[in-house]
Protein chains: 2
Amino acid sequence: MRVALIEQAAAMLVAREPVTLRALAGRVGTSTMAVYTHFDGMPGLWGAVRQEGFARLARGLAEVSPSDDPVRDLAALGAAYAANAVENPALYRAMFDAAADLPDPGAAGAGFAVLVDAAQRAVDAGRFVAADPAAVATRFWAAGHGVLLLVLSGVLPDEALDEHSPALAAAVFTAAGDDPERCAASVRAGWAGL
Amino acid sequence: MRVALIEQAAAMLVAREPVTLRALAGRVGTSTMAVYTHFDGMPGLWGAVRQEGFARLARGLAEVSPSDDPVRDLAALGAAYAANAVENPALYRAMFDAAADLPDPGAAGAGFAVLVDAAQRAVDAGRFVAADPAAVATRFWAAGHGVLLLVLSGVLPDEALDEHSPALAAAVFTAAGDDPERCAASVRAGWAGL
DNA sequence: CCACGTTACATAACGCTGCTATATCTAGCG
DNA sequence: CGCTAGATATAGCAGCGTTATGTAACGTGG
């Protein structure tokens, strides 16, 4: 019942339908009380939906297999992140509406840890010289998040994602110390996996 | 009446109070019908509020006086942009909830034009070599937007703004061709005007 | 100066929302 | 088998945005 409600809510979210208590209960063939026994109301359900969104995101990032080029891996992770957001734009926007108070913040941290790990490998490989892996990951994430939200909210056209995301990634990576040309090649390779 | 409703709605937004039709009408001492005669309903009011938000933002950016260092000016514009968002976080978030369909999109474009103009001056001054001013401005904007939203939504701590925004700005500007050291100094100078 | 039509505001009611109190049903276990 | 605890169904609440209707104020042409 829990999973049915969460998945139905997520489905209605991606279908751009208004996720209302009665409509949700009707879709899964139960009554409105189910939301209260399992989630203690709509805010609880939203929390669970956001949680599921971050879980799917972490799952998508985990599918990116590491290579011997950590910068390529970072770019590939960015591409997977963007793909996940573009496939379910409404879910992605809902995730960050109240991402601060997640039922289990660890799920969001797991996805971020993959980024930090790749950045750490880039440091170990001598690509990022004297750079803080967490800071690089954060800046890479923030830049991608900004482009994504501007595109998803319709401020920037869809093409802006492919036009600006790799450039921003390369800018962050070269600022971390990577060689510009080598970085450009790695980013190109990583982003192509989209 | 129009301005009273808009300003009251913006005030309730920054006060984190729920902006409800009856509460809004009660605050300005009128009835609910005023919102319908002037804005044709709540969505229209939200559009006007977002418009006012972008107008205030453009006003804040216009107060940044250009200097002989265009890269410093870009950083200063970024600082003013961030300051505006931090001062009214709820308004900033509301602005981009449906920024695509603004009553008058020109207002948002005016603020962006200031960024593009500074980037153009950087190109003319030889700081940004062979870079598209609009692309640089867009990337700078997107990166700042991402950091801001992550901070405003509580995902990143407040310190992250000062820690990552200048670094991202410098990364974007050096990627545009500016000299790293000179760029770092300009960004430092521009960001200090916060 | 007055009657007019238009505009802005007040009032009441409708349908919908999330939520809760109550009742019913459905296992699980001694 | 009978009992207890948990989950589901039903009905109703206050609140929301919206609308229909009524009323007062305004500017304008005769």
Side-chain angles (χ1 to χ4, degrees), chain A residues 1-53 89-91 93-104 153-154, chain B residues 1-53 89-91 93-104 153-154:
Chain A
M1 194 76 254
R2 269 188 67 92
V3 300
L5 284 169
I6 292 174
E7 289 184 358
Q8 180 61 44
M12 296 172 78
L13 213 50
V14 311
R16 286 177 177 70
E17 302 176 33
V19 182
T20 154
L21 176 61
R22 286 173 176 77
L24 176 66
R27 290 294 184 87
V28 305
T30 181
S31 88
T32 64
M33 276 303 299
V35 174
Y36 286 83
T37 62
H38 293 290
F39 305 102
D40 195 43
M42 287 300 280
L45 176 96
W46 285 117
V49 168
R50 286 193 295 268
Q51 193 80 54
E52 172 66 17
L91 180 57
R93 296 189 68 178
M95 283 162 58
F96 286 96
D97 275 347
D101 38 51
L102 229 52
D104 172 25
S153 60
Chain B
M1 195 76 253
R2 269 189 67 93
V3 299
L5 285 169
I6 292 175
E7 289 184 359
Q8 180 62 42
M12 297 171 78
L13 213 51
V14 310
R16 286 175 179 71
E17 301 176 34
V19 182
T20 155
L21 176 61
R22 287 171 176 79
L24 176 66
R27 290 296 185 86
V28 305
T30 182
S31 89
T32 64
M33 275 306 298
V35 173
Y36 286 83
T37 61
H38 293 290
F39 306 100
D40 195 42
M42 286 299 280
L45 176 97
W46 285 117
V49 168
R50 286 193 295 268
Q51 193 81 54
E52 172 66 18
L91 180 58
R93 296 189 68 179
M95 282 162 59
F96 286 97
D97 275 347
D101 37 50
L102 229 52
D104 172 24
S153 60

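Just so it is clear, the model here is predicted, and its values are computed rather than measured. In what follows, every chain begins at residue 1, and chains take the letters A, B, ... in the order their sequences are listed.
The backbone N or O of B/Asp104 lies less than 3.5 Å from a partner atom in the side chain of B/Gln51, making a donor-acceptor pair.
If you take CD of A/Glu17 and P of C/dT17, they are 13 Å apart, rounded to a whole angstrom. Following rounding to the nearest Å, A/Leu45 (CG) and C/dC19 (C1') show an atom-to-atom distance of 14 Å. Protein atom NE2 of B/His38 is 13 Å distant from nucleotide atom P of C/dT7, rounded to whole Å. Computed from coordinates, the A/Arg2 CZ to D/dG6 C1' distance equals 15 Å when rounded to whole Å. Between B/Leu21 atom CG and C/dG15 atom C1' there is a gap of 15 Å when expressed in whole angstrom units. In this structure, A/Leu24 atom CG and C/dT17 atom P are separated by 12 Å, rounded to whole Å. One can place CZ of B/Arg22 at 12 Å from P of C/dA12, the figure rounded to the nearest angstrom. The OH atom of A/Tyr36 sits 12 Å away from the C1' atom of D/dC13 (whole-angstrom rounding).
Side-chain nitrogen and oxygen atoms of B/Thr20 include at least one within less than 4.0 Å of the OP1 or OP2 phosphate oxygen of D/dG17.
A/Pro43 comes within 4.0 angstrom of the backbone, heavy atoms only, and of no base. Heavy atoms of A/Thr37 sit under 4.0 angstrom from at least one base atom. Among the protein residues, A/Val19 comes within range of the sugar-phosphate backbone only, with heavy atoms under 4.0 Å from sugar or phosphate atoms but none that close to a base. Among the heavy atoms of the strands lying under 4.0 Å from B/Ser31 is at least one base atom, whether or not backbone atoms are also near.
Taking every side-chain heavy atom of B/Met42 into account, D/dG17 is the closest of D/dG17, D/dT8, C/dT20. Listed nucleotides C/dC9, C/dT20, D/dT19 differ in distance to B/Thr32; the shortest reach to its side chain belongs to D/dT19. The side chain of A/Met33 lies closest to C/dA21, out of C/dA21, C/dC19, D/dT19.
Taking the side chain as every heavy atom from C-beta outward, B/Val28 and B/Met1 approach each other to under 4.5 Å. No side-chain heavy atom of B/Val3 sits less than 4.5 Å from a side-chain heavy atom of B/Glu52.
Considering every non-hydrogen atom in both B/Leu91 and B/Gly53, the closest pair reads CD2-CA, 4.0 Å.
For the atom pair A/Leu24 CG and A/Glu17 CD, the distance stands at 10.5 Å (nearest 0.5 Å).
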